[in-house]
A.B. asks: 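Got a structure here, written out as structure tokens. Questions coming.
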Amino acid sequence: MQEYDFKKIEEKWAKYWVEKKSYKAEDFSEKPKFYVLSEFFGPNGKGIHLGHVKCFTPTDIIARYMRFKGYNVLYPAGWDAFGLPTENYAIKTGEQPIAVTERNVQKFKSQLTRMGYSFDWDREIGTSDEDYYKWTQWIFLQLYNNGLAYKASGEVNFCPQCKTVLSNEDSQGGLCDRCHGEVVRRQRDVWYLKMQSYSDKMLEDVENIDMKESLKDSQRNWIGRSVGAEIVFPIKDSEEGLKVFTTRPDTIYGVTFMVIAPEHPLTKSDKLKNIDEVNAYKAEASKKSSIERSANKDKTGVRLDGITALNPITNKEIPVYISDYVMMDYGTGAIMAVPAHDDRDYEFAKKFGIPIVQVIEGGDISESAYTGDGVHINSGNLNNLGVKEAISLMIETLEKMGCGHEMVNYKMQDWPFNRQRYWGEPFPIVFCDECGIVPLDEKDLPLVLPKTDDFIPNETGASPLSKLSDWVNCKCPKCGKPAVRETDTMPNWAGSSWYWLRYLDPKNDKEFVSQDKLNYWGQVDLYTGGVEHVTRHMLYASFWNNFLYDIGKVPNKTAFKRRMCNGLVLDSEGKKMSKSSGNAIDPIDVVSEYGADTFRLHMMFIGEYEKNNNWTLKGITGIKRFLNGVWSLQDMVKGDEVSKEHEFILHNLIKRCDTTIYDANPEHTSYEQHNDFKFNTVIANMMTFMNKIREDGWITKEELRSFLVLLNPFAPFITAELYEIVFGGDIVNEKFPEFDESKTVTSTVEIPVQVKGKRKAVINISAVAEESEALAEAVKAIGISADDVKKVIYKQGKIINLIV
RNA sequence: GCCGAAGUGGCGGAAUGGCAGACGCAGCAGACUCAAAAUCUGCCGUGAGCAAUCACGUACGGGUUCAAGUCCCGUCUUCGGCACCA
């Protein structure tokens with residue numbers, strides 16, 4: 001036996017698999033298909049990090065396992081290449097983003113290959129490739145032509161550091177997703193995608209994707225559907241009305257004031273008498289960042305002199321205030337305030353000395369608002385009704401009067417889709433003095449991103465492309481007169497909103513993907529990635545897929561069947577790893593020292609897939625010893641004798657693999673039904689198997705064959721090499737062994753004898769012994785008379801419990 | 001504040017309501033060695049005991065059950081997400 005030289009072995013096989021295209025997925029096959037995908041990522045200059053290893057190792061294990069199980073497996077990889085990290089790096093160094101990307105991609109590809117990931121590299125895609133973004137632009141055209149993309153002036157999140165507009169998804173918590181700097185609100189020209197109109201379809205996806213309830217919750221929370229009513233409050237001596245959204249139209253009798261957001265158009269009304277005071281407040285509010293605005297919960301505001309609203313039900317006069325606790329981008333930017341039953345309104349009323357009128361019975365409102373349930377009081381025809389009935393009756397009343405109607409509101413906003421950056425997909429849009437906004441013709445795609453040396457973002461917020469007058473000035477595709485191009489580019493998330501589809505048909509230059517291939521591959525069976533993408537990428541993906549479904553371009557409404565989110569790898573103290581804190585570990589160092597097989601097993605062994613875990617090399621010794629043992633199996637092969645004990649552990653190990661690596665049962669469609677992804681326990685069972693074999697000192701050839709196949713998904717290199725040495729040939733042609741249920745049980749078992757739940761003895765007994773037999777053994781073992789036993793609880797093969 | 005997840009040895013972590021601590025690391029003792037590494041053998045939750053054994057033990061307080069880490073009620077702690085959403 002040669003020494004276990006992981007370096008030599010891993011180099012040999014990594015090269016072999018790429019050259020042989022061992023993991024090529026067949027388009028169309030007799031075999032059942034299985035599409036497993038881990039999120040692709042931006043190829044930055046740093047190379048892979050531990051998070052990639054934690055994310056890709058499990059899907060690689062599953063891909064290899066499913067191939068052995070007879071599936072036609074699609075396990076592709078690619079690059080989310082348009083993005084700020086690359087562009088920022090390019091700006092810093094002056095190098096072309098495209099060159100930076102190419103170099104980084106090569107680095108990542110070689111590192112992933114070194115880890116032994118079994119990607120089908122023939123399907124590699126990159127979002128910044130012309131033949132890819134051609135189709136991203138094509139989808140944008142479909143959106144535009146279907147009225148789902150529009151240009152408007154709006155107040156949007158803007159990152160002063162990155163000098164670009166951001167979506168709400170990109171600025172969660174008021175911080176830029178990229179640079180983590182504070183985001184400000186700015187009035188700008190914005191290309192919006194009408195994502196809000198897809199809210200309900202996206203909510204259906206939330207229900208249809210098989211994932212953890214907590215993840216579904218955060219998506220539901222982000223979409224933020226709430227049912228209520230829109231009510232128009234007339235303004236005294238005016239034709240105008242003040243529109244509000246409320247979930248509690250039943251409390252309209254308790255309205256004692258109204259509040260509008262600082263950005264609300266009513267603040268520009270010519271009826272307003274204290275313009276200076278109001279403008280001063282507006283100026284103050286606009287200076288605050290969204291973080292400051294929400295952190296400071298102290299209520300401030302100014303009453304609008306000269307503007308009085310009228311309660312449409314009671315006709316009572318109501319004062320109107322401006323305050324920054326009302327947001328312009330939710331609902332109508334105005335509220336009816338019911339201080340008796342809303343905490344924020346209560347606080348505001350107390351501060352400004354506004355009356356508080358209780359309309360729901362049940363709570364004490366002397367100290368705080370009462371937000372609980374109860375019947376209505378002081379509410380005209382709603383009196384004595386419960387909340388639910390009162391809401392329906394009030395909506396009915398308002399509809400009859402013509403001053404309100406039922407309405408659904410969403411927290412999720414339309415998607416601001418343009419960025420003032422160079423490194424992104426150009427919009428296939430032209431502005432013409434005659435024709436207005438004109439989309440390019442599909443045959444003119446791709447609209448290629450022009451080369452330039454000056455890709456630095458502009459202080460004024462104009463895109464770098466605007467400086468390229470040769471490119472900007474063009475002819476209107478409609479009338480042929482001089483026109484200009486849109487110079488903003490699409491956001492980072494554009495290319496990733498449909499990429500899983502392109503893997504099905506990555507080289508197609510006629511269609512974004514052929515219908516045949518879409519029909520064959522269908523949904524992504526398993527999609528894994530970071531939990532942070534659940535309220536970002538997953539929502540965008542859901543939106544685009546639903547849209548493509550609606551226009552008949554994809555066969556499935558929901559793109560992903562199942563989603564799993566991996567936990568983070570933190571440093572040994574539980575802190576996030578980063579280059580700046582100096583606690584980052586380079587996975588390649590670990591591979592060099594221990595080998596990819598050991599590293600993969602170690603990563604899977606130290607923690608659960610979904611949980612965060614603290615990185616440590618403590619314990620990798622155990623994995624090393626295990627693989628050394630596996631290597632020495634080649635010298636322990638002996639005859640064809642069978643042993644019951646070996647059969648028992650082997651068949652139990654196969655069973656364990658089948659039940660805990662991946663649950664492919666199509667009837668299991670909810671998170672609760674799955675019992676898989678427990679890679680650490682599978683490895684523990686393999687160690688137990690090895691311990692037994694080493695104790696006995698021998699293994700049969702067929703047992704070794706089975707064991708190598710079981711271990712191969714976890715440690716592909718060493719098993720491929722051993723297989724070649726012992727059996728000759730390539731292990732990828734093997735089938736996953738099947739277990740025989742009858743061999744997973746033993747004929748006799750040791751079961752505990754308990755007396756009132758306390759263990760008193762252990763008896764050795766037939767696994768299928770009758771109760772009488774077990775009882776006889778049990779009383780003998782603990783030395784009592786069978787007459788003393790009042791009650792017996794006997795679970796065959798498990799336990800016997802006596803009450804004496 | 002709201003929502004969610006989790007609390008088990010020195011450590012990472014196992015346990016369809018059925019012998020808590022599988023498997024691994026570390027540690028201790030021993031074998032091999034001039035020595036070290038590697039490897040092998042044994043021990044390894046806490047307390048008492050020479051020992052067999054006994055008692056206690058899964059964040060805390062109750063409860064259900066023949067039997068609870070697991071189910072129910074309450075409390076505490078930690079982590080994550082959202083946050084003036086009308």
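Labels below follow one simple rule: chain letters A, B, ... track the order of the sequence lines, proteins then strands, and each chain is numbered from 1.
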A.B. asks: Please list, by residue number, the residues of residues 406-415 of chain A whose heavy atoms come closer than 4.0 Å to an atom of RNA chain B; answer none if no residue qualifies.
C.D. replies: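 Contacts with RNA chain B under 4.0 Å: A:Lys411.
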A.B. asks: Is A:Asp5 paired with A:Lys7 through a side-chain N to carboxylate O contact shorter than 4.0 Å?
C.D. replies: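 Salt bridge absent between A:Lys7 and A:Asp5.
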A.B. asks: Does a side-chain N or O of A:Arg625 approach OP1 or OP2 of B:U39 to a distance below 4.0 Å, or not?
C.D. replies: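 Looking at the OP1 and OP2 atoms of B:U39, one of them is under 4.0 Å from a side-chain N or O of A:Arg625.
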A.B. asks: Does A:Asp345 use its side chain to pair, donor to acceptor, with the backbone of A:His341 at less than 3.5 Å?
C.D. replies: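 Such a contact is absent between A:Asp345 side chain and A:His341 backbone.
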A.B. asks: Which listed nucleotide (B:C84, B:G18, B:C19) is nearest to the side chain of A:Pro752?
C.D. replies: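 Side chain of A:Pro752 sits closest to B:C19.
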A.B. asks: For B:U64 versus B:C73, give the span between their C1' atoms, rounded off to a whole number of Å.
C.D. replies: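 One C1' to the other, the span is 11 Å.
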A.B. asks: Treating a pair as Watson-Crick (purine N1 to pyrimidine N3 plus N6-O4 or O6-N4) or G-U wobble (N1-O2 and O6-N3) with both distances under 3.5 Å, list the stems of 3 or more consecutive pairs that involve RNA chain B.
C.D. replies: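 Counting only runs of 3 or more consecutive pairs, the stems involving RNA chain B are B:1-7 with B:76-82, B:10-12 with B:23-25, B:27-31 with B:39-43, B:45-48 with B:53-56, B:59-63 with B:71-75.
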A.B. asks: Can you check the A:Ile799 CD1 to B:G17 C1' distance for me, whole Å?
C.D. replies: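 Checked: the CD1 to C1' distance equals 10 Å.
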A.B. asks: Count the heavy atoms belonging to other residues, nucleotides or ligands that lie under 6.0 Å from CD of A:Glu213, then report whether that count exceeds 12.
C.D. replies: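 Yes, CD of A:Glu213 has more than 12 neighbouring heavy atoms, counting only those of other groups under 6.0 Å.
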A.B. asks: How about A:Lys798: does its NZ atom have over 12 heavy atoms from other parts shown lying under 6.0 Å from it?
C.D. replies: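 Open: at most 12 neighbouring heavy atoms sit under 6.0 Å from NZ of A:Lys798.
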A.B. asks: Without decimals, in angstroms, what is the distance between A:Glu672 CD and B:G4 P?
C.D. replies: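 Between P of B:G4 and CD of A:Glu672: 14 Å.
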A.B. asks: Figure out the NZ/P separation between A:Lys212 and B:A6, and round it to whole Å.
C.D. replies: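 Interatomic distance, NZ of A:Lys212 to P of B:A6: 7 Å.
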A.B. asks: In whole angstrom, give the distance that lies between atom CE of A:Met336 and atom P of B:C84.
C.D. replies: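 Taking CE of A:Met336 and P of B:C84, I get 20 Å after rounding.
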A.B. asks: Over all strands shown, is A:Glu213 touching base, sugar-phosphate only, or nothing at heavy-atom distances under 4.0 angstrom?
C.D. replies: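 No contact.
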A.B. asks: Of the nucleotides B:C84, B:G4, B:A86, which one has an atom closest to the side chain of A:Lys299?
C.D. replies: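 Taking heavy atoms from C-beta onward, the closest nucleotide is B:C84.
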A.B. asks: Would A:Asp217 and A:Arg220 pass as an ion pair if we require N to O under 4.0 Å?
C.D. replies: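 Looking at A:Asp217 and A:Arg220, the cut-off is met.
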A.B. asks: CD1 of A:Ile391 versus P of B:A86: gap in Å, rounded?
C.D. replies: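 Computing the A:Ile391:CD1 to B:A86:P distance gives 12 Å.
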A.B. asks: Considering heavy-atom distances to RNA chain B, does A:Leu215 or A:Tyr330 have its closest nucleotide positioned more toward the 5' end?
C.D. replies: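 Comparing both residues, the 5'-ward one is A:Leu215.
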A.B. asks: Which nucleotide sits closest to the side chain of A:Trp222: B:C82, B:A86, B:C19?
C.D. replies: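 So the nucleotide nearest the side chain must be B:C82.
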A.B. asks: For B:G12 and B:A48, measure between their C1' atoms and round to the nearest Å.
C.D. replies: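 Here B:G12 and B:A48 have their C1' atoms 31 Å from each other.
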A.B. asks: Donor-acceptor check, side chain of A:Gln673 to backbone of A:Ser670, threshold 3.5 angstrom: yes or no?
C.D. replies: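 Yes: the side chain of A:Gln673 pairs with the backbone of A:Ser670.
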A.B. asks: Identify the two heavy atoms, one from A:Met687 and one from A:Ile623, that lie closest to each other, and give their separation to 0.1 Å.
C.D. replies: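 In this case the closest contact between A:Met687 and A:Ile623 is CE-CD1, 3.8 Å.
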A.B. asks: State which of B:G4, B:A86, B:C25 makes the closest approach to the side chain of A:Ser214.
C.D. replies: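 Given the options B:G4, B:A86, B:C25, the side chain of A:Ser214 is closest to B:G4.
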A.B. asks: What verdict does the side chain to side chain donor-acceptor pair (under 3.5 Å) test give for A:Lys791 and A:Asn801, after you've listed the backbone C-alpha separation in whole Å, the side-chain angles of each residue and the deciding distance to 0.1 Å?
C.D. replies: CA-CA 8 Å; A:Lys791 194 176 168 195; A:Asn801 194 2; over 6 Å; no
A.B. asks: Among B:C19, B:G18, B:C84, which is the nearest nucleotide to the side chain of A:Lys795?
C.D. replies: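 Looking only at heavy atoms from C-beta outward on A:Lys795, the closest nucleotide is B:G18.
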A.B. asks: Between B:G63 and B:G57, how far apart are the P atoms? Round to whole Å, please.
C.D. replies: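 Their P atoms lie roughly 14 Å apart.
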A.B. asks: Quick check on B:G24: is either OP1 or OP2 less than 4.0 Å from any side-chain nitrogen or oxygen of A:Asn691?
C.D. replies: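 Answer yes for this pair, as a side-chain N or O of A:Asn691 is under 4.0 Å from OP1 or OP2.
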A.B. asks: Atom CD1 of A:Ile793 to atom P of B:G18: distance rounded to whole Å?
C.D. replies: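 Rounded to the whole Å, the gap is 15 Å.
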A.B. asks: Does any donor atom in the side chain of A:Tyr540 or A:Ser167 lie under 3.5 Å from an acceptor atom in the other side chain?
C.D. replies: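 On atom types as modelled, these side chains qualify, holding a pair under 3.5 Å.
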A.B. asks: Does A:Ser226 put a side-chain nitrogen or oxygen below 4.0 Å from OP1 or OP2 of B:A86?
C.D. replies: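 So the side-chain polar atoms of A:Ser226 do come within 4.0 Å of the phosphate oxygens OP1 or OP2 of B:A86, strictly under.
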A.B. asks: When rounded to the nearest Å, what value does the distance between C1' atoms of B:C44 and B:G27 take?
C.D. replies: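 These two C1' atoms come out 8 Å apart once rounded.
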A.B. asks: Using atom P in both nucleotides, what's the gap between B:A31 and B:A36 to the nearest angstrom?
C.D. replies: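 Roughly 12 Å separates the two P atoms.
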A.B. asks: Figure out the CD1/P separation between A:Ile751 and B:C66, and round it to whole Å.
C.D. replies: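 Roughly 19 Å, once rounded to whole Å.
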A.B. asks: Extract from the structure each pairing of a protein N or O with an N or O of nucleotides 12-16 of chain B at less than 3.5 Å, listing the distance.
C.D. replies:
| unit_1 | atom_1 | unit_2 | atom_2 | d |
| --- | --- | --- | --- | --- |
| B:G12 | O2' | A:Ile606 | O | 2.6 |
| B:G13 | O3' | A:Asn680 | ND2 | 3.2 |
| B:A14 | OP1 | A:Glu608 | OE2 | 3.3 |
| B:A14 | OP1 | A:Asn680 | ND2 | 3.1 |

A.B. asks: Using 4.0 Å as the upper bound for N to carboxylate O, is an ion pair formed by A:Arg563 and A:Asp210?
C.D. replies: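 Result for this pair is no, no salt bridge flagged.
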A.B. asks: Please determine whether ring-ring contact (aromatic ring centres under 6.0 Å, His included) holds for the pair A:Phe677 and A:Phe679, giving the CA-CA distance in whole Å, both sets of side-chain angles, and the decisive distance to 0.1 Å.
C.D. replies: CA-CA 6 Å; A:Phe677 269 84; A:Phe679 307 104; 5.5 Å; yes
A.B. asks: Mark yes or no for whether A:Arg600, through its side chain, and A:Phe714, through its backbone, hold a donor-acceptor pair below 3.5 Å.
C.D. replies: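 It does hold such a pair.
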A.B. asks: Which value, in whole Å, describes the distance between the P atoms of nucleotides B:G1 and B:G47?
C.D. replies: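 These two P atoms come out 41 Å apart once rounded.
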A.B. asks: Heavy-atom nearest nucleotide on RNA chain B for A:Val762 versus A:Thr688: which residue maps closer to 5'?
C.D. replies: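 Its nearest nucleotide being more 5', the pick is A:Val762.
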A.B. asks: Would you say a side-chain N or O of A:Arg694 is under 4.0 Å from OP1 or OP2 of B:C40?
C.D. replies: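 Checking A:Arg694 against B:C40: at least one side-chain N or O falls below 4.0 Å of OP1 or OP2.
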A.B. asks: For the C1' atoms, the ones on B:U70 and on B:C50, what distance do you get once it is rounded to whole angstrom?
C.D. replies: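 My reading of the C1' atoms in B:U70 and B:C50 gives 39 Å.
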A.B. asks: Side chain of A:Asn311, backbone of A:Ile252: donor and acceptor closer than 3.5 Å?
C.D. replies: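 Side chain of A:Asn311 to backbone of A:Ile252, a donor-acceptor pair under 3.5 Å: yes, one is there.
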A.B. asks: Check every atom of B:A86, B:C19, B:C84 against the side chain of A:Asp324 and return the nucleotide holding the closest atom.
C.D. replies: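 Nearest to the side-chain atoms of A:Asp324, counting from C-beta on, is B:C84.
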A.B. asks: Should the pair A:Lys624-A:Glu593 be classified as a salt bridge under the 4.0 Å nitrogen-to-oxygen rule?
C.D. replies: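 Here A:Lys624 does not pair with A:Glu593 in a salt bridge, since their nearest N and O are not under 4.0 Å apart.
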A.B. asks: How close or far is atom P of B:C79 from atom CD of A:Glu532, stated in whole angstroms?
C.D. replies: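 Answer to the nearest Å: 20 Å.
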A.B. asks: Which value, in whole Å, describes the distance between the C1' atoms of nucleotides B:C32 and B:C23?
C.D. replies: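 These two C1' atoms come out 27 Å apart once rounded.
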A.B. asks: Is B:G57 syn or is it anti, if syn means the base angle is within 90 degrees of 0?
C.D. replies: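 Judged by the O4'-C1' to base torsion, B:G57 sits in anti, the angle falling more than 90° away from 0.
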